[in-house]
Each structure stands twice: as structure tokens, then as C-alpha cells.
2 protein chains.
Amino acid sequence: MSALPPAELLLTLAEPTRLRIVNCLAAAPLFVSDLQGVLDLPQPTVSRHLTVLKKARVVRDTPIAQFVLYRIRQESGPHGRLLQAVIEAMGHDEAMRLERHRALDRSRAHGRGRLPSTRVGTGSQTGGGDLSGGEANS
Amino acid sequence: MSALPPAELLLTLAEPTRLRIVNCLAAAPLFVSDLQGVLDLPQPTVSRHLTVLKKARVVRDTPIAQFVLYRIRQESGPHGRLLQAVIEAMGHDEAMRLERHRALDRSRAHGRGRLPSTRVGTGSQTGGGDLSGGEANS
DNA sequence: TGCGTAAATTCGCCTAAGCGTATATATGTC
DNA sequence: GACATATATACGCTTAGGCGAATTTACGCA
């Protein structure tokens, strides 16, 4: 299915902005607008990078109303282990840890009837993020 | 000392040719000319990439006579673990495994009084590589 | 059904970086 | 000390890909 060579994955991850995005998503699933806010980047930029990450099977997207929730795609093969190693490595970088925290904060703002900016009643759990490089994922 | 951000390391590794070089060196320490032969690349190309890898602390160089032996720099921090994960991931790629094997073969040719092409009497151990993408590393 | 907002896509520009070629430096040999 | 070889470096070209700006598409709401 995947079998995409490691080179491919690395090429995808080895981009500062993309790495920041992955870093944030490692803290918690986020909407595009959240990433936009946390990383202070123009919306098209975020969107483009997310597209690339999606193609490389690094993230998974879940449309919710007019929003799209992105999350890290947890796999078990070599691909997944490599990704996990990258995420873990970022956990030792000060700047990355900071952004990860801000991402988690932003994520907590949802799930309490407060979607990105509008208000939606659908029961969407947003938690499940993992700080400090742990695992646990169904 | 290093504390070079993960982004830096990824940027360095996320280059097809460089990845191939690292892959070969994961099998065994090699001379520049060996890499040149195994990867079938012009010498300046190999040299340039090795320089980049050296700056990123991915490899270590050891001059021996007029040759230079390159080897993977085994570290223990996050940096080292990430590198190890990358190497391990490559062990699952067919093409990479093939080249790794050829690199090991080439490496075995030395250490028996048969340096790259000239003949040197200095006792230079060349073994120490690790194939089959396994672990086990002191 | 028209408006407002979220996200994706397109276009053109621009810079980073890899490559080939040529050359420089170091080291060993006769 | 001249020469041969191993490796490193310099230079110019070329291309991949990231970015800003504008536009399109999708969806919800009044």
C-alpha cells in the first residue's frame, strides 16, 4: 500500500515549516485555522504543506462541517517508526516544545462548544494529543 | 556542543544521494573512492556530500595516508537516535539493502593490504559495519 | 438564495542547492 | 624534486520547490 521509500518521507519532513506543522499535530489534532494561528502563517501556506503531508501519509484529514481537522497518521511499519523518531527528536528542541504547547492550548479551546470561530454542536473530541513524547493511540 | 536542531539533521539527510551515502556507510566505513565506485558517482559529488554530512555531524572522517576513511558518527542523544531510525528505515528498502551489501563487499576488499588502489602497509581495520538493518550496537 | 467564512488551488516569482567541469591541495613514490 | 593519485574546493548553470497574492470551491446560516 505505502512502501513509499524512506527518502520520500524524509524529503517531506525535511522542510522547516512542514516540520513545525507536524510538531504541532504531535501535540493534538488541529484545524487548519489553528495551525494558521499557532504558526502565524498565511492560510495558503498551511494548506499547501498539509496537502504534501497528506500525500506522504504523514497526516490524516477529517472534514467537520466547513472545517478540516488534521492529525498525525499513526502507522506501525518502518514509516511510522521513523516518523515517531522525528517527533520524539523535536521534543528535545526548545522552540518546538514551545509551539507544541501553544498548539495543545489551542486544541483545548475546542470540544467545549467553541470550534475555530463559529459554534457547532457536533460531539467532536479534540483531545488525545500527546506531549512529552509518549505513545498511546488506538 | 552540537544541539543542532532536528530540522538541520533532517535537511541534511533528506537528499537522495546523501541518503545513499549514509546507507552505504551504515554497512561499513568506506573511503571516498569506495563510495564513488559503489554509488557510481563523480568524485566531486561524493566529496561535496560528505562535507555536508560531516558538518551535520552525521559522519566522521579519518585520513589514512592519502585516503580518507568515512564512517557513521554514532552518538547517543536525540540526534543519534534519529539517525539510527533513518538507517533502520532504509534497511527495509530493497534498493538500499542492495547497495549496502555492495558497500560491505567493497569494504572487505581492504584490510588485507589492499587499500583503494595503491598498496599501503599501515594496519587499518575496516570492519565494523552492520548489515540487515538490525540493531545491536554498543 | 445570497452572504460570510474555511480551506484548497492556481500563477508567477525567486532563492536554495545540486551538478558538471575545472582546478587546487595534500600525500606518497621513484 | 618531479610526478601520480586521492580528495577537496571554486565557479557557473540549472532546476525544484517554497512563497505571496488572487481566485475558486465548499459549506453553513439567516
Side-chain angles (χ1 to χ4, degrees), chain A residues 7-8 10-22 25 29-56 59-71 106 110 113-122 124, chain B residues 7-8 10-22 25 29-56 59-71 106 110 113-122 124:
Chain A
E8 198 88 11
L10 284 176
L11 227 352
T12 302
L13 295 177
E15 206 286 324
T17 305
R18 233 138 43 206
L19 205 56
R20 287 174 71 203
I21 291 179
V22 169
L25 292 180
L30 293 169
F31 293 99
V32 177
S33 57
D34 291 331
L35 286 166
Q36 186 182 344
V38 173
L39 304 175
D40 190 33
L41 290 171
Q43 180 267 324
T45 297
V46 176
S47 217
R48 261 176 314 200
H49 283 302
L50 283 171
T51 301
V52 176
L53 287 170
K54 191 164 72 169
K55 278 193 198 140
V59 302
R60 173 196 306 278
D61 65 327
T62 311
I64 295 177
Q66 72 262 50
F67 312 104
V68 180
L69 186 67
Y70 278 87
R71 76 184 67 207
R106 172 82 67 139
H110 316 316
R114 196 137 63 266
L115 264 278
S117 73
T118 316
R119 183 166 48 93
V120 175
T122 322
S124 64
Chain B
E8 198 88 12
L10 284 176
L11 227 353
T12 302
L13 294 177
E15 206 286 325
T17 305
R18 231 135 49 203
L19 206 55
R20 288 174 68 202
I21 291 179
V22 169
L25 293 180
L30 292 169
F31 293 99
V32 177
S33 57
D34 292 331
L35 286 165
Q36 185 182 344
V38 172
L39 304 174
D40 189 33
L41 290 172
Q43 179 267 323
T45 297
V46 176
S47 215
R48 260 176 315 198
H49 283 301
L50 283 170
T51 301
V52 175
L53 288 170
K54 190 164 73 171
K55 278 193 199 141
V59 302
R60 171 197 307 277
D61 65 327
T62 312
I64 295 178
Q66 71 262 52
F67 312 105
V68 180
L69 187 67
Y70 278 88
R71 75 184 68 208
R106 172 82 66 138
H110 316 316
R114 195 137 63 266
L115 265 278
S117 73
T118 316
R119 183 165 48 92
V120 176
T122 322
S124 65

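Residue numbering restarts at 1 for every chain, and letters A, B, ... go by the order of the sequence lines.
- Spacing between atom CZ of F31(B) and atom P of dA6(D) amounts to 12 Å, rounded to whole angstrom units.
- One distance of note links CG of L30(B) with CZ of R106(B); it measures 8.5 Å at 0.5 Å rounding.
- Between the C1' atom of dC19(C) and the CD atom of E15(B) lies a distance of 10 Å, rounded to the nearest Å.
- From R20(B), atom CZ reaches atom CG of L25(B) across 12.5 Å, with rounding to the nearest 0.5 Å.
- At a non-hydrogen distance threshold of 4.0 Å, P44(A), T45(A), R48(A), H49(A) from residues 43-51 of chain A come into contact with DNA chain D.
- Here dA8(C) presents its P atom at 7 Å from NZ of K54(A), a figure rounded to the nearest Å.
- For T17(B), the listed nucleotide lying nearest its side chain is dC19(C); candidates were dC19(C), dA8(C), dT7(D).
- Annotation: side chain of L35(B) is in contact with side chain of L50(B) (closest heavy-atom distance under 4.5 Å).
- Between the C1' atom of dG18(D) and the CZ atom of R20(A) lies a distance of 14 Å, rounded to the nearest Å.
- Protein atom CZ of R18(B) is 16 Å distant from nucleotide atom P of dA16(C), rounded to whole Å.
- Residue S33(A) places at least one side-chain N or O under 4.0 Å from the OP1 or OP2 atom of dA7(C).
- A straight line from CG of D61(B) to C1' of dT27(C) spans 16 Å, rounded to a whole angstrom.
- Side chain of Y70(A), nearest nucleotide from dG20(D), dG28(C), dA8(C): dA8(C).
- I64(A) has its CD1 atom 17 Å from the C1' atom of dT5(C), to the nearest Å.
- For the pair L30(B) CG and dA6(D) C1', the computed distance is 15 Å after rounding to whole Å.
- Checked against L69(B) for a side-chain contact (heavy atoms from CB on, under 4.5 Å), the options V32(B), I64(B), D61(B) give a single hit: I64(B).
- Distances were taken from every side-chain heavy atom of V32(B) (C-beta onward) to each of dA8(D), dG28(C), dC19(D); the shortest belongs to dA8(D).
- To the nearest 0.5 Å, atom CG of residue L39(B) and atom CG of residue D34(B) are 10.0 Å apart.
- Two residues are said to be in side-chain contact when any heavy atoms from C-beta on lie closer than 4.5 Å; T45(A) and H49(A) meet this criterion.
- How far CD of Q43(A) is from CZ of R48(A): 9.5 Å, rounded to the nearest 0.5 Å.
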